Structure formats: structure tokens, C-alpha cells
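It should be emphasised that the depicted structure is a prediction, and the values quoted were computed from it without experimental measurement. Ligands are counted one by one from 1 in listed order, and the atoms in each one are counted from 1 as well.
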Amino acid sequence: MKFSENAIKVLERRYLSKDEEGNLIETVEGLFRRVANHIAEADKHYDSNSDTKALAEEFFEMMTNLEFMPNSPTLMNAGKPLGQLSACFVLPVPDSMDGIFDAVKNAALIHKSGGGTGFSFSRIRPAGSSVRSTGGVASGPISFMKVFNAATEAVKQGGTRRGANMGILRVDHPNITEFIQCKKDSAEITNFNISVGITEKFMEAVKADTYYDLIDPKTKEVVGQKRAKEVYDLIVDMAWNNGEPGIVFLDRLNRDNVVPSQGEIESTNPCGEQPLLPYESCNLGSINLNAVLDEEEGKFVINYAKLARIVDSAVHFLDNVIDMNKYPLEEIEKTTKSTRKIGLGVMGFADLLFKLGIPYNSEEAIAVAGKIMEFIETRGREASRELAKTRGPFPLFGESIFKDEEPIRNATVTTIAPTGTISIICGASGGVEPLFAISFIRNVMDNDELLEVHDYFRKVAEERGFYSDELMREIAQKGSLAHVEGVPEDVKRVFVTAHDISPEYHIRMQAAFQEFTDNAVSKTVNFPNSATREDVSDVYRLAYELGCKGVTIYRDGSRDLQVLNVGKVK
Ligand code: UDP
């Protein structure tokens, strides 16, 4: 099998089944057989005579050839008693004690199973307003977020992976300024990513520099006004400071809401790529773009026939996951099965560009992104329509925005996930992000240092005769090839990393993928430490103009604990 040493380590630590004493009772092959067999089983629901053995083999091959990987919960739980297979959930948080604590409980159950939860806190009445039953005073959305946070913290120890949350507050909620600053000094909201839910109205008010209304979600009354630009500048300032809050364009999420009759989309999953209705869940899967490259006479070309084959099989796989999933709540099962959303995306995009010899920060790369994603989206929808012929369209198709088109099995087909862990399993670069470093030094036990170099870069460096451990160390220290002597100019141009790429190109790449993605794109826009607030603001505006559904930024060095420090060998 093709798994790297690193991949096997991750699989052993977190994915392979263990007995009560923690001993492995499953092999890597066993894991993929378990997943493939279980997911193939769903075909029996539609045709009791179907050859699920052959299908299981197809799925097994697709995963172990590193062509496609489903999200982590599917790998961890398929065919096991827990059986929860989705990465993404959105839960409603109503304005009542019962409702809020139901959501806390439901989130805990989801976290235990490896899923992440998103919430909008916008329905909670503002701090200071009255509580009729007790004659008391409401504590407001931010204080309740701390309760969710504490519950997440407690489940962490028992769960299979860290519970992650998204918290969203509408920009017209009366507590918006408190929300924007809520992660500034608080250690009580660490298990949340936060995003401000921006409306078109608000953006227009920023542009015109006018005031906008704050609305009490309970009474629906206008309870105040704020100068839009002041709130916008506060968001920018905080994001510049430490990367949060992000922003999400609510009207855009709802423009793509396939079944508006089911209510509004208020939130996304934790990493922002999957907008969902309350009680909806979605399972993701990603195609490894390294696997669709053929090498012909030393040159790489995209094999579209192979890509088509993988898309077809992946859509089949993800649709089956919906049937085989064990849902944490009946309500979630009902909502999820009524739209049957799936999220097929890609990983290894940065690797693909290296191999094609195209710099990430170039017009050509933007064009390649659009071409690949358009192909996947078009083909993915065709595959979903094909499934609808035998399995029927998703149950709410008749009241969906597609009702006059050819029936389709899944209300959404495409999502670009971060692929945080599955990209390690596949030895691919994450999602559609550029590489963070070409080489870096990993601290291992006993203060040993391990030099890690990007596989393909190493190959090129060796072939071109400029490889040395010393040079790779220098690259690790500097964090980029740009100022390293001894690397040929054409190589420097192609092997760019996150900090070589201007924020504008980061956003343009996100927009290029978004254009052909039903759901949203997980992407972080990296800024150098020297970036100004104005730079951040410019990127927000550009994202808005280019049709992105949200933005997450990070200015280098702005958070105390940075996972990977470019330029510092620790
Ligand atoms: N997620 C989570 N906890 C984690 C990592 C991810 O709940 O520690 C959820 C979250 O909803 C995120 C989604 O899984 O948006 C997809 O993340 P990613 O692609 O990184 O997951 P992978 O399948 O690679 O583990």
C-alpha cells in the first residue's frame, strides 16, 4: 500500500480500532476494508441483488490508491457500533433555557462522535433585556457561548477528537460589539471559531458610511443604531490583532439555500466550508489531485478521464454514507435525509501546481483552479442526477430551487474542506491551500530534530543537482525560497509558499474555487506580520466583490501560540 510512514503513524494513533487496553486490533488494510464494506452495503437498500462486493472493492481501491478520502468520522466510525459518519453539523439555539441546554447536550453528543458543530447565537435576546418568568435580566449570547465552550472542553477527554465549534452572531444583533471582541482576553471561548454574520444591507451602509439598525431578535424591534463603518473597523481591527472574528456573508449563504421553504441558513460548520440548515448534517470527501496526474516524458498532465471516474465513484460513496450513517438525533436524521447534501472537494492542489510548474500566485493557477473545479462540479452533478434515476431525487426536490430541472439526488454536491487530517493520510497538501513551508524542522523526542522536505521538491532538487541537507535547513529557517541562494530562479517562481503569495492572490484563488462550489471553500488568507489594518480591509472588500461566502484571515505572528513558526527552528 501507498501510505507513508507519517500516514501510518496518524492512522495507528487515531483511526485504527483498539481494544480496551489500547492495543491495536485492526490493520491499515482492515480499516479500509471495514469502511469500504460498510459504505457499499447501502446499495442493497435500492437493489437487494446488487453486487456490493464489487462496489466495496472499488471503494477500497479508491481509498488505498489515495485517490479519494472521506472525512475523518467516516474512517473512524464506519462499521462500528457508534457509526456516526459526518464531520459537519449545525444546531439551532433558540431563545429559551430549555432550547439552549438541549443544544449544549446535542453538541456534546456530536463532539463525542468526532463531528463539529456550528451555531448561530443570533436568536438569543440581548444581555440586559428582561426575563419574564423570573423577573430577572438576560445574560445574552456571549455568556451562553461560554457554557457551550465549557461543555466542549469537558467532552474533549472522552472523545475521539477535539470538539470544534463555530459561533455566529448577526451584525444587527444588539450585542455585536461585545461579540466581535469576545475572544480578545477570554480564555473561555477557546473551543470556538467565531464569525460575524454580515448582511448586504450592512455592507451598503459601510460603503455609504451611514448608520444601520440593531434589532432585538425577540421583539423584532429596532433598539438602536450604529455607524456601520465603526463596527466594520472594529471587526478589521480584531481580525488584524489575532485572526478573529472571521466574516460570513449571510445573504450569500441564503441565495444558495436550495430549499428556502425549510427556513434560513444561519450558520456554517466550524471551519466555514459547509453552510447548513438547523439540524442538518453533511459528510465530506476529497479527491487527491496528485492522483489524477499522469507523467508523460517527464511532464505532468491532468488525466480528466481518471478524474471523472473518481468523481462518479466518490458521489456514489458519499450518497451511500447518508444511508449508512447513525445519526446522533432523530431530528438530524430527518433533516439530513430530506436534502441529502454531500460535500465533494479536493486536496493536493498546491502539489498539483508544483508538478504542473505553475506558480500559485499566477493567472494560470487561477485558471487551472476554475477548470478543475468546474469539471468536478459538472461531473459531480451528473453523477448525482444519474443516482436520482434509480434512487429518486432528494425528498424535498419538489419544493427546491431545482424543481424545474432534471431530478438530482443531492441538494449540494461540492464543498472544499480543509482536509486537516486526511491530507496527512494521503501525503497531500491540504485542501486548496498553498504549502506553508517547503521544508521544516520537526522536534521529535530527546530534542532530536527531524528535517522534513516536500517530496516533489526534494526530487526536483536532486534531479537539478542543488539538493543538500544544509540548503534545506536554510529554507526551513527562512520560511521561503525567495531569499535562498543556490535555488534556480525558475524553481523559486514555482515553489511558492503561503507567505510568498499576496493576500489578493489568496482571495482570488478562494473565489476561483467558490465559483464552482455549491457550498463554501475553507481557506485562510495569510498576511505578513507587517500588514496594516487597511490591507485586511481591502481583502474583505475584494472577497465581497468576488463572490466569496466568507473570509478568514491570519496575520503572521499575531497569535501567541502559532502552530508552525516560519523562520524559527524550534
Ligand atoms: N472537525 C472537527 N474537529 C476537528 C477537525 C475537524 O469537528 O478536530 C470538523 C469540522 O466541521 C471541519 C470538518 O470536520 O470543518 C472538516 O475538517 P477537515 O477537513 O480538516 O477534517 P478531516 O476529515 O481531514 O479530519
Side-chain angles (χ1 to χ4, degrees), residues 6-7 10-11 13-15 31 35 63 66 68-78 84-91 106-119 148-149 151-153 155-168 190-195 246 248 267-276 280-288 314 317-318 321 325 328 332 336 341-349 414-433 436 513 517 519-524 549-550 552 563:
N6 229 346
V10 170
L11 286 166
R13 210 168 34 214
R14 293 179 52 196
Y15 293 74
L31 177 149
V35 175
M63 290 185 284
L66 309 182
F68 165 85
M69 212 44 84
N71 56 208
S72 289
T74 302
L75 296 176
M76 288 168 171
N77 302 332
Q84 197 295 104
L85 310 178
S86 294
C88 312
F89 295 80
V90 165
L91 292 171
N106 294 337
L109 293 176
I110 292 169
H111 291 165
K112 208 179 107 183
S113 71
T117 43
F119 315 88
F148 281 81
N149 193 74
T152 305
E153 191 71 29
V155 177
K156 217 188 259 181
Q157 289 100 32
T160 43
R161 65 174 173 172
R162 222 182 116 105
N165 299 299
M166 169 64 85
I168 287 182
T190 43
N191 297 311
F192 269 92
N193 293 326
I194 60 165
S195 272
V248 11
S267 182
T268 67
N269 70 330
C271 303
E273 71 276 14
Q274 188 64 48
L276 292 169
E280 202 174 19
S281 69
C282 184
N283 65 93
L284 312 175
S286 301
I287 295 173
N288 176 6
F317 185 106
L318 294 173
V321 170
N325 205 347
I332 294 176
T336 304
K341 286 181 184 169
I342 57 172
L344 178 62
V346 295
M347 59 177 136
F349 180 65
T414 42
T415 302
I416 308 281
T419 71
T421 324
I422 58 170
S423 66
I424 300 175
I425 294 173
C426 290
S429 59
V432 298
E433 295 286 6
F436 209 74
F513 276 100
T517 301
N519 294 299
V521 178
S522 170
K523 178 89 187 72
T524 300
K549 288 187 174 171
T552 305
V563 185

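Of all atoms in ligand 1, numbered sequentially from 1 with element shown, those under 4.0 Å from a heavy atom of Ser72 are 22 (P), 23 (O), 25 (O). Of all the atoms in ligand 1, the ones that sit under 4.0 Å from a non-hydrogen atom of Gly115 are 7 (O). Less than 4.0 angstrom separates some heavy atom of Cys271 from each of these atoms of ligand 1: 12 (C), 15 (O). Taking every non-hydrogen atom of Ala164 and a distance limit under 4.0 Å, the qualifying atoms of ligand 1 come out as 2 (C), 3 (N), 7 (O). Ligand 1 places these atoms under 4.0 Å from at least one heavy atom of Asn71: 23 (O).
A side-chain contact (heavy atoms from CB on, under 4.5 Å) with Leu85 is found for exactly one of Leu318, Asn77, Val35, namely Asn77.
Taking 4.5 Å as the limit, every side-chain heavy atom of Ile416 sits out of range of all side-chain heavy atoms of Glu273. Proximity of Asn106 to Phe89: side-chain heavy atoms (C-beta onward) are nowhere separated by under 4.5 Å. Looking at Met166 and Val248, their side chains never come closer than 4.5 Å, going by heavy atoms from C-beta outward.
In plain terms, the two heavy atoms of Ser423 and Ser429 that are nearest each other are CB-O, 4.0 Å. Among all heavy-atom pairs drawn from Gly163 and Thr152, the shortest one is O-CG2, 3.5 Å.
Taking any N or O of Ser423, backbone or side chain, none lies under 3.5 Å from an N or O belonging to ligand 1. For ligand 1, one of its N or O atoms has an N or O atom of Ile422 under 3.5 Å away.
Among Pro270, Gly116, Ala417, Ser286, the residue whose heavy atom lies closest to atom 7 (O) of ligand 1 is Gly116.
Asn519 and Gln274 share a donor-acceptor pair across their side chains, judged by distance under 3.5 Å alone. Judged purely by distance below 3.5 Å, without hydrogens or angles, the side chains of Asn71 and Thr74 pair a donor atom with an acceptor atom. There is a side-chain donor-acceptor pair under 3.5 Å between Ser86 and Asn325.
Protein heavy atom nearest atom 17 (O) of ligand 1, with residue, atom name and distance: Pro418 CG, 3.6 Å. Nearest protein heavy-atom neighbour of atom 20 (O) of ligand 1: Gly420 N, 2.7 Å. Summary of contacts: the protein heavy atom closest to atom 1 (N) of ligand 1 is Arg161 NH2, 3.6 Å. At the shortest separation from atom 14 (O) of ligand 1 among protein heavy atoms lies Ala87 CB, 3.3 Å. Remark: minimum distance from atom 19 (O) of ligand 1 to any protein heavy atom is reached at Thr419 N, 2.7 Å. Scanning the protein for heavy atoms near atom 3 (N) of ligand 1, the closest one is Arg162 O, 3.3 Å.
By the criterion of a heavy-atom distance under 4.0 Å, both the backbone and the side chain of Thr421 are placed next to ligand 1. The part of Glu273 lying near ligand 1 is the side chain, judged by heavy-atom distances below 4.0 Å.
Note: Phe119 and Phe192 have tilted aromatic rings, judged against thresholds of 30 and 60 degrees for the angle between ring planes.
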